[in-house]
There are 2 protein chains.
Amino acid sequence: MSTLNSASPAAVMTSADVATPAFSPLYQQIKTLMTMRLQAGEWRPGEAIPSELGLAARFKVSQGTVRKAVDALAADNLLVRRQGKGTFVSTHAEQTVQYRFLRLMPNDGPVVGAQRRFIDCRRLRAPADVARSLGLKSGDAVINVRRVLSFESAPTVLDDIWLPGALFKGLTAERLADYKGPMYGLFESEFGVRMIRAEEQIRAVSADSLSANLLGLGVGAPLLSVERLSMTYGDKAVELRRGLYSTASHYYRNELN
Amino acid sequence: MSTLNSASPAAVMTSADVATPAFSPLYQQIKTLMTMRLQAGEWRPGEAIPSELGLAARFKVSQGTVRKAVDALAADNLLVRRQGKGTFVSTHAEQTVQYRFLRLMPNDGPVVGAQRRFIDCRRLRAPADVARSLGLKSGDAVINVRRVLSFESAPTVLDDIWLPGALFKGLTAERLADYKGPMYGLFESEFGVRMIRAEEQIRAVSADSLSANLLGLGVGAPLLSVERLSMTYGDKAVELRRGLYSTASHYYRNELN
DNA sequence: GAGTGGTCTAGACCACTGA
DNA sequence: CAGTGGTCTAGACCACTCG
């Protein structure tokens, strides 16, 4: 580790260095360094990172210390460990299990793939509330995508998606429609934007005429309103997604610990 | 560790023992042993468990191995580590932060305490669906509690709670009303039932006349339906809670990783 | 068999708490 | 100050994957 100490690896930063330096353990510092390499694209989604012993040599610490850092990154879903093979940068592209953040489950019957229908994809100026959520200035360029997800031909999810225009130049309805696989896979491979975590605000609302129409329901039908803010590295918000879910034959599943 | 090996601690179970013995690492076995001690009430909620070195001596393993076991139990929220003080059995009683599993947040303004009003607490025979969820036989004794939670005098949550009668003998409306603190604290201290984790199914529904009345809304108003199944040790279901949340001035908050 | 992650140990030292 | 959890090391060996 060349970041903080001078001689031996054990000579870490201590509380004598500064007044209240907020002591940070070595493995935490290495986690930060590795996160920066991931963010910089030095290690690409789907690829293997160096072995633990290799990383230990590079950072001049013991294997146990890089192990703690890698464990933490794996817990954050940034890396995936595979015994006997190596440690890999996680990716949305080979996402076998549904749509990463979508928690909808059928009331009965097996989980089944969704059909997507894109309603429109427009480039426009950010409304005040969208700008605030995404950390933009009101009037900045944003891209607005609307689409419907159907399960077994039953329209179920109406998504209203807002993306910073600066990050997603050239995103069109065609590219969305042509891309096979989850939308986050497209964002990752084509625009270098990786979703790390998200926060959702869930409410119950009544369908207005537009959404009722698109979801094949009556006006006033109860819908789940799911407002999701997705973050990339550094907890930077990069997507605001307002979803309306029909919960007649599906439910939102959550686990509490 | 006297459970599996004979001589040295390092002589753990190997894949040579049986055909496909599903190799379980030492720290995992110790985690299981500690969980059993917790379940048996040998270490009580709020109390400190032995120090890591003490546990290491007792189980005849190294400190590092018990550390992994304790880390896992702390990750499951069964234990709480406090540097310099010790490791404690977590408890619902001194739960400073709201109601453990309740994810409701005010749209704006600070989090504020709730007022509780108990509507009734009856002992009756389990309906088929309740019995199925709780792993009982249809017709077994259950306790049904209904109550309303209000925030700043606005009724917001209508809970319909089902508990196995065998586990909660003597639970009455009086004891519920008299108990200060969260309901799960009462369950823990008076009935020895600790909620470990829960699963929720969330839907949007329309208020019927009864729930509309109790929540001060119009009939047909959209409500969040939250059906929660809570589990104790061994993933045994011990509470079915059907909640109706008014999401006019609150939202259900969820974090996705 | 070589290379990877996974487990376990023994021992040193650090940070935090409370008497 | 003693006692607790937290970090870090060095080294051994095990389990898994793949050529």
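What's counted below: heavy atoms across the whole structure, side chains too, no hydrogens, waters or symmetry copies. Numbered from 1 within each chain, the chains take letters A, B, ... in sequence-line order.
Under the salt bridge (Lys or Arg N to Asp or Glu O under 4.0 Å) criterion, A/Arg132 pairs with no residue, sequence neighbours left out.
Between A/Arg67 atom CZ and D/dT9 atom C1' there is a gap of 15 Å when expressed in whole angstrom units. Between the CG atom of B/Asp71 and the P atom of D/dG5 there is a distance of 11 Å, given to the nearest Å. Rounded to a whole Å, the CD1 atom of B/Ile49 is 15 Å from the C1' atom of D/dG3. Straight-line distance from the CD atom of B/Gln63 to the P atom of D/dG3: 15 Å, rounded to whole Å. If you take CD of A/Gln28 and C1' of C/dC14, they are 17 Å apart, rounded to a whole angstrom. One can place CD of B/Gln29 at 15 Å from C1' of C/dG6, the figure rounded to the nearest angstrom. When the P atom of C/dT7 is taken as reference, atom NZ of B/Lys31 falls 12 Å away, rounded to whole Å. When the P atom of D/dG5 is taken as reference, atom CG of B/Leu73 falls 14 Å away, rounded to whole Å.
Counting all heavy atoms, side chain and backbone alike, A/Gly185 lies closest to A/Tyr179 at C-OH, 3.3 Å.
Remark: B/Lys68 is in phosphate contact with C/dT7, judged by side-chain N or O atoms under 4.0 Å from OP1 or OP2. Under 4.0 angstrom from either OP1 or OP2 of C/dC8 there lies no side-chain N or O belonging to B/Tyr27. Neither OP1 nor OP2 of D/dT7 sits under 4.0 Å from any side-chain N or O of A/Thr65.
A donor-acceptor contact closer than 3.5 angstrom links the side chains of B/Glu239 and B/Ser230. Side-chain contact annotation: A/Tyr252 with B/Glu200, donor-acceptor N/O pair under 3.5 Å absent.
Listed by first then second residue, pairs satisfying salt bridge (Lys or Arg N to Asp or Glu O under 4.0 Å) with a partner in residues 176-187 of chain A number zero, not counting sequence neighbours.
Side-chain atoms of B/Ser62 lie closest to C/dT9 of the nucleotides C/dT7, C/dT9, C/dA15.
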What's touching nucleotides 2-4 of chain C from the protein side, N or O pairs under 3.5 Å?
unit_1: C/dG3; atom_1: N2; unit_2: A/Gly84; atom_2: O; d: 2.9
unit_1: C/dT4; atom_1: O2; unit_2: A/Gly84; atom_2: N; d: 3.4

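For A/Arg241 and A/Glu227, the salt-bridge test fails: no basic side-chain N is under 4.0 Å from an acidic carboxylate O.
Geometric assessment of A/Arg82 against the ring of A/Phe88 yields a positive cation-pi assignment under the 6.0 Å and 45° thresholds.
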